[in-house]
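Take a look at the structure set out below.
The first residue of the sequence shown is numbered 1, and numbering continues consecutively from there.
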Amino acid sequence: MTVELCESVDALTELIPVPRSVFVDESGVSLLPQVRRAYAPRGRTPTLRHRLNWKRASMAAALGYHAADPERGPRLCLHLRPGSYDTAAPIQVLERIKVFYAEEPVVLVWDGLSAHWSRAMRAWAAEQSWLTFERLPAYAPELNPVELLWSAIKTRELANLAGDHLADVANATERGIRRIHQNDQLPLVLPRPHRTHHPPHPPN
């Protein structure tokens, strides 16, 4: 647990936990390529060849910043699983985040998706003393830095990717995160992600 000490004359005698601000967002990908503009010789239209496979994977990322000590750097937790997220999936993601941060106090910021504020979610959150929710304004994705992460990856590593397995998508996603981490000119400076799930190669 991260703590800060008050050093004034009237300082508290206890250690005060300082929460992290953690931004969360979900996204989805499939084995169908995400078509993006590409360069090609004049008169030769680029062609994508793929298996017309509709298998999907869902991703959720939690990007955390320490509220009192930004020099500690952000921490990223990436959750990836085959198929689509259902209404119970956000709770499963938060359970992973709980372990990832070792129940360190967290102020979690996400959008108004109905699953984020469902009755089941509110009942679960009421039992989590480490967790506080904050809601982003409607129609303001630019306020969530995870949206920038998705955009940076989908326009490069996942662009025009015609993979054979969902694991290809997972590997490309992690390559994108490493690229962003290594480039000091980009607005997101990310650590190597803690990936909570890697889809196995499905049978052909």
_Straight-line distance of Gln92 CD to Asp86 CG, nearest 0.5 Å_ = 6.5 Å
*Under a 4.5 Å cut-off applied to non-hydrogen side-chain atoms, are His116 and Glu26 in contact?*
yes
*Approximate separation, where rounding is to 0.5 Å, of Leu148 CG and Phe23 CZ*: 10.5 Å
_In one Ile/Leu/Val/Met/Phe/Trp/Tyr side-chain cluster, 4.5 Å: Leu76, Leu143_ = yes
*His79 and Glu95: side-chain donor and acceptor closer than 3.5 Å?*
no
*Atom CG of Asp168 and atom CG of Leu158: how far apart are they, to the nearest 0.5 Å?*
11.0 Å
*Mind listing the closest non-hydrogen atom pair of Arg20 and Tyr101 along with its distance?*
CD-CE2, 3.2 Å
*About how many Å separate CG of Asn171 and NE2 of His165, when rounded to the nearest 0.5 Å?*
11.0 Å
*Taking all non-hydrogen atoms of both residues into account, name the closest pair between Ala62 and Val22 and its distance.*
CB-CG1, 3.7 Å
*Using a 4.5 Å cut-off on heavy atoms from C-beta on, say whether the side chain of Thr87 contacts that of Ser118.*
no
*Taking the side chain as C-beta and beyond, is there a heavy-atom pair between Leu80 and Thr173 under 4.5 Å?*
no
*Any residue meeting salt bridge (charged side-chain N to carboxylate O under 4.0 Å, His left out) with Glu147, in chain and number order, not counting sequence neighbours*: none
_Heavy-atom closest contact (Thr155 atom, Ala152 atom, distance)_ = OG1-O, 3.5 Å
*asked:* Could you measure the distance from the CE atom of Met59 to the CG atom of Leu149? Nearest 0.5 Å is fine.
replied: 8.0 Å
*So, do Lys98 and Leu131 sit near enough that their side-chain heavy atoms are less than 4.5 Å apart?*
no
*Among the clusters formed by ILVMFWY side chains lying less than 4.5 Å apart, do Leu78 and Tyr65 turn up in the same one?*
yes
*Nearest atoms (heavy-atom pairs only) where Tyr85 meets Ser58*: N-OG, 3.2 Å
*Is there side-chain contact between Asp111 and Asn144, with heavy atoms separated by less than 4.5 Å?*
no
*Under a 4.5 Å cut-off applied to non-hydrogen side-chain atoms, are Val146 and Val24 in contact?*
no
_Can you classify the ring geometry of Trp110 versus Phe133 as parallel (below 30°), tilted (30 to 60°) or perpendicular (above 60°)?_
tilted
*If Ile, Leu, Val, Met, Phe, Trp and Tyr residues are connected whenever their side-chain heavy atoms lie under 4.5 Å apart, and connections chain through other members, are Leu113 and Met121 in the same group?*
no
*Could you pull out the closest heavy-atom pair between Ala120 and Ile91, with the gap in Å?*
O-CD1, 4.0 Å
*Does the side chain of Leu94 come within less than 4.5 Å of Ile97's, by heavy atoms?*
yes
